[in-house]
Chemist: 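Handing you this structure, nothing more for now.
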Number of protein chains: 2
Amino acid sequence: MNGRQVSSSRARVCIQDVARHAGVSAMTVSRALRQPEKVSENLRRRVAEAVDRVGYLPNRIAASLSSSRSNVVGLILPSLRNSLFADTIQGISDVLHGAGHHLMIADSGYGLAGEEAAIRAFLQQRVCGLLLHNTWHTDAARRLIERVGVPVAEIGDLTPEPIDITVSYSNFEAARTMTLLLARRGYRHIGFVTLPLKDNARSVERQRGYLSAVAECGLAADPTLILELPSGIGSGAKAIDRLSEVNPGLDAIFFAGDVLAVGAILECRRRGWAVPGRIAIASFDDVDLLSFTDPPVTTVRIPRYDIGRLSAEAILDRVSGRALKPVTFDLAFQIIERGSA
Amino acid sequence: MNGRQVSSSRARVCIQDVARHAGVSAMTVSRALRQPEKVSENLRRRVAEAVDRVGYLPNRIAASLSSSRSNVVGLILPSLRNSLFADTIQGISDVLHGAGHHLMIADSGYGLAGEEAAIRAFLQQRVCGLLLHNTWHTDAARRLIERVGVPVAEIGDLTPEPIDITVSYSNFEAARTMTLLLARRGYRHIGFVTLPLKDNARSVERQRGYLSAVAECGLAADPTLILELPSGIGSGAKAIDRLSEVNPGLDAIFFAGDVLAVGAILECRRRGWAVPGRIAIASFDDVDLLSFTDPPVTTVRIPRYDIGRLSAEAILDRVSGRALKPVTFDLAFQIIERGSA
DNA sequence: TTGTAAGCGTTATCAC
DNA sequence: GTGATAACGCTTACAA
């Protein structure tokens, strides 16, 4: 193996080299490659030959600088570790790569400051579009985006005042709908476990949805029925513990995150509590896991792949000038009724 | 909201504007920003002021072109949808962003041709390094990489003949070890279910590991004990079906993928088969799911976050010139013994 | 310590 | 249909 040596051709092959080999000008090569129809048949062939003879790899950096047009889209997620985002990323990637664009990914670490830093970094990379999972941003981040005028799609929640494009579902309505379902099933003391609310519009909206439903049904808006816990299997058990201790009448719990619900199911089994006999359980985010528990968990299914696909398409439409006005895609969530409630 | 208008300052702010406002040359601004220590105290302040007065966002595209140095690393995975990769991506991202670099992601669609296309595209973007999950590549892809001389780390399997850097674990040894464990436990008719072998070195190596262990133990290398199935919950049930029909004596199955094992566990419960009483089950890839099944599944745990972290560090070392020679990190896998075997 | 000039590899523009 | 020339916004190399 001697590939490591950078010897032979110190200088990278550039469009000039192709031009020389094809006996034409650089400009003609550029045209032959990007608008083959604008060039004579035989020239197209000569250029193509020269390209693989010299092993030419067009330099997109130079092209971007020259044309002031980038083909990279930036995506900022709260975390890359959370496998919930995988479907969305795939949706984005499928659309982007299908159109000759590229995807840069960063995480905000579940904080607004982290998001701002990532946005600034992406703007320095001159991304042609920005996909943000957050709907809350620092003032500085908003100003940055508006000043640069880069197309942006917010995808984590259907915000009423989007910066530009928004493609998502309503966390508020989803939580409200699930809570109403529980109430309709006859549960009267419905607990709610939320993930951390700080800097997280989605968590806040889900809690608002729960509260709204509770009020609509004339149930007591009892603060002791609400618990904020960090994500994790252990939190599910802790929730059962705390909520049932303070509220002897507790007959259902709605968890704002899948992992919490799994922990709760396990804790119930440990205690020998029948689900939903002793207590009903509902969840948010339809991860595969939830259909394998015993009983399987009633939950909200989110159109994750489509959120990715449609948001990427909206960005490309904007980039290409095909669409100029802000758009809102309100994608439908779906209540998946299973055995736990 | 009037941010959409691109009016006010048609031309983007550039380093010249900062220079003018600070009363210095462009070069001095560049230096003040990149090597503050090489510049006088008061000048540093004047430049900093000018920067936020005019709202300057350095153009990394121009910087890259000018310096022939990019700060973007490309990662190519078989699929983005597979949540197994999330930890690895986070590991990579943490290191890269901590060092002011960026991450581009693409998927190869589980095919060698797809990988080659992604590699070519990334090289056109002039990435400074490449992280490949595959260890098999088309000849053209290898030539491309060697000609350009870009640092590469292969991370999906510990290949004996890496292109450059390799940071992974041995799929062969992991599968072999697990199979030996089953043999030591007294199972004599151990089935093996592999994921598709086409274009997939990891699958092939796992199967080799199984075969090697079987041979070592003097067990029959019975082809009817081996089954190749696509991933998916349904495949687990199918495997139980087919293998047990042909092999009445079957007493254990080793699944080369987590989802398969979950499907098998469910199928066993449906049939009322005791696990491991009637049949033992072992798996590969320690997804959370496997510890929640009943019984929890004995499996191989892979250091996924560390693979990401260390491979990214190795790439950065190479990029910065700190390390020049190929490296091999053989990260340890871990057998997690649980109830299913 | 600071400034000048010449690229980096393309594409936009306008002649031919 | 094809080519010459000037950007694009920054950094390298070197001069002051």
Side-chain angles (χ1 to χ4, degrees), chain A residues 9-48 50-51 54-72 100 123-128 148 321, chain B residues 9-47 50-51 54-72 100 121 123-128 148 321:
Chain A
S9 56
R10 205 37 287 181
R12 200 83 98 262
V13 174
C14 77
I15 204 169
Q16 283 291 357
D17 303 308
V18 179
R20 251 191 305 279
H21 278 252
V24 294
S25 74
M27 198 51 234
T28 301
V29 173
S30 177
R31 256 194 300 258
L33 260 29
R34 296 182 308 144
Q35 307 155 318
E37 74 284 1
K38 297 251 171 195
V39 125
S40 72
E41 167 65 35
N42 114 62
L43 210 150
R44 207 180 316 162
R45 220 185 26 254
R46 259 162 61 212
V47 168
V51 163
V54 301
Y56 172 60
L57 277 175
N59 185 334
R60 282 290 322 162
I61 298 273
S64 289
L65 179 62
S66 176
S67 65
S68 310
R69 220 179 344 242
S70 132
N71 63 342
V72 177
L123 292 181
Q124 297 190 175
Q125 297 289 333
R126 296 299 190 261
V127 295
C128 64
V148 171
Chain B
S9 55
R10 206 33 294 177
R12 199 82 99 261
V13 175
C14 77
I15 203 169
Q16 283 290 358
D17 303 309
V18 180
R20 253 191 303 280
H21 278 253
V24 294
S25 74
M27 196 52 234
T28 302
V29 173
S30 177
R31 257 192 301 259
L33 293 174
R34 297 182 309 143
Q35 308 155 320
E37 73 284 1
K38 297 251 171 193
V39 124
S40 73
E41 167 65 35
N42 115 61
L43 211 151
R44 205 181 316 161
R45 222 187 22 255
R46 259 160 63 210
V47 168
V51 162
V54 302
Y56 173 60
L57 277 175
N59 184 333
R60 280 291 321 163
I61 298 273
S64 289
L65 179 61
S66 175
S67 64
S68 310
R69 220 179 344 239
S70 132
N71 63 341
V72 177
L123 292 181
Q124 296 190 175
Q125 297 289 334
R126 296 300 189 262
V127 295
C128 65
V148 172

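So that the names make sense, note that chain A is the first sequence line, chain B the second, and so on, each numbered from 1. Values reported hereafter were calculated over all heavy atoms of this structure, with side chains retained and with hydrogens, waters and symmetry mates removed.
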Chemist: Could you check whether any side-chain heavy atom of A:Arg126 comes within less than 4.5 Å of a side-chain heavy atom of A:Val72, counting everything from C-beta outward?
Modeler: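 Counting from C-beta outward, A:Arg126 and A:Val72 never come under 4.5 Å.
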Chemist: Starting at CD1 of A:Ile61, measure out to CD1 of B:Ile61 and round the result to the nearest 0.5 Å.
Modeler: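 So the CD1 of A:Ile61 and the CD1 of B:Ile61 are separated by 5.0 Å.
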Chemist: Map B:Glu37 and B:Arg126 onto DNA chain C by nearest heavy atom, then report which one ends up closer to the 5' terminus.
Modeler: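 Final value for this comparison: B:Glu37.
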Chemist: For the side chain of B:Tyr56, counting heavy atoms from C-beta on, which of D:dC10, C:dT10, D:dT11 is nearest?
Modeler: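 Nearest listed nucleotide: D:dC10.
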Chemist: What is the separation between atom CZ on B:Arg60 and atom P on C:dC8, rounded to the nearest whole Å?
Modeler: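 Whole-Å distance recorded here is 18 Å.
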Chemist: If you check the A:Ser25 side chain, which of D:dC10, D:dA4, D:dT12 turns out closest?
Modeler: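 For the A:Ser25 side chain, the nearest candidate turns out to be D:dA4.
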Chemist: C:dA12 P sits how many Å from A:Lys38 NZ, rounded?
Modeler: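 Distance, rounded to whole Å: 12 Å.
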Chemist: Would you indicate what B:Ile15 reaches in the nucleic acid, counting non-hydrogen atoms under 4.0 angstrom: base, sugar-phosphate, or nothing?
Modeler: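 The answer is sugar-phosphate, as B:Ile15 gets under 4.0 Å only of primed atoms, P, OP1 or OP2.
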Chemist: By nearest atom, which of the nucleotides D:dG9, C:dT11, D:dT12 is closest to the A:Leu65 side chain?
Modeler: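 Per side-chain heavy atoms of A:Leu65, the pick is D:dG9.
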Chemist: Can you tell me which nucleotide in C:dT11, D:dG3, C:dT2 comes closest to the side chain of B:Ser40?
Modeler: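 Per side-chain heavy atoms of B:Ser40, the pick is C:dT2.
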Chemist: Using every non-hydrogen atom in the two residues, find where A:Ala26 and A:Ala19 come nearest and quote the distance to one decimal.
Modeler: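 Reported closest heavy-atom pair: N-CB, 3.6 Å.
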Chemist: So, B:Asn71 and A:Gln125: side-chain donor and acceptor under 3.5 Å apart, yes or no?
Modeler: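 A pair is found: one side chain offers a donor N or O, the other an acceptor, under 3.5 Å apart.
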Chemist: Tell me the interatomic distance from B:Gln124, atom CD, to C:dT10, atom P, rounded to whole angstroms.
Modeler: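 Rounded to whole Å, this separation is 10 Å.
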Chemist: Expressed in angstrom and rounded to an integer, what is the separation of A:Gln125 atom CD from D:dG9 atom C1'?
Modeler: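 These atoms are roughly 14 Å apart.
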Chemist: Give one of base, sugar-phosphate or nothing for B:Leu43, where a contact means two heavy atoms less than 4.0 Å apart.
Modeler: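 Contact class for B:Leu43: sugar-phosphate only.
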Chemist: Any base atoms under 4.0 Å from A:Ser67, or only sugar-phosphate, or nothing? Heavy atoms, all strands.
Modeler: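 Sugar-phosphate, no base atom in range.
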Chemist: Base of D:dG3, side chain of A:Arg31 - is there a donor-acceptor contact under 3.5 Å?
Modeler: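 Between D:dG3 and A:Arg31, which were checked side chain against base, a qualifying N/O pair under 3.5 Å is present.
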Chemist: A:Met27 has an atom CE; how far is it from atom C1' of C:dC16, in whole Å?
Modeler: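 Taking CE of A:Met27 and C1' of C:dC16, I get 15 Å after rounding.
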Chemist: To the nearest 0.5 Å, what is the distance between CG on B:Asp17 and OH on B:Tyr56?
Modeler: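 Answer for the CG-OH pair, B:Asp17 versus B:Tyr56, is 9.5 Å.
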Chemist: So if I take every side-chain heavy atom of B:Ala63 and compare against D:dG9, D:dT11, C:dT2, which nucleotide ends up nearest?
Modeler: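 Looking only at side-chain atoms, B:Ala63 lies closest to D:dT11.
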Chemist: Rounded off to whole Å, could you give me the CG-to-P distance for the B:Asp17 and D:dG9 pair?
Modeler: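 Those two atoms, CG and P, are 9 Å apart.
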Chemist: Quick check: closest heavy atoms across A:Gly23 and A:Arg46, and the distance to 0.1 Å?
Modeler: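 Shortest heavy-atom contact: O-NH2, 3.7 Å.
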Chemist: Tell me the interatomic distance from B:Arg69, atom CZ, to D:dT12, atom C1', rounded to whole angstroms.
Modeler: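 Going from CZ in B:Arg69 over to C1' in D:dT12 covers 10 Å.
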Chemist: Give the rounded distance in Å between these two atoms: CD of B:Gln16 and P of C:dT4.
Modeler: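 After rounding, the reported distance stands at 10 Å.
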Chemist: Considering only C:dT2, C:dT11, D:dC10, which nucleotide approaches the side chain of A:Ser66 most closely?
Modeler: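 Between C:dT2, C:dT11, D:dC10, the one nearest the side chain of A:Ser66 would be C:dT11.
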Chemist: Is there a side-chain polar atom (N or O) of B:Thr28 under 4.0 Å from OP1 or OP2 of C:dG3?
Modeler: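 Yes.
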Chemist: Choose from C:dG3, D:dC10, C:dT11 the nucleotide whose nearest atom is closest to any side-chain atom of A:Ser30.
Modeler: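 Output: C:dT11.
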Chemist: Between B:Arg34 and D:dT12, does any side-chain N or O lie under 4.0 Å from OP1 or OP2?
Modeler: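 For B:Arg34, the contact criterion (side-chain N or O under 4.0 Å from OP1 or OP2 of D:dT12) is met.
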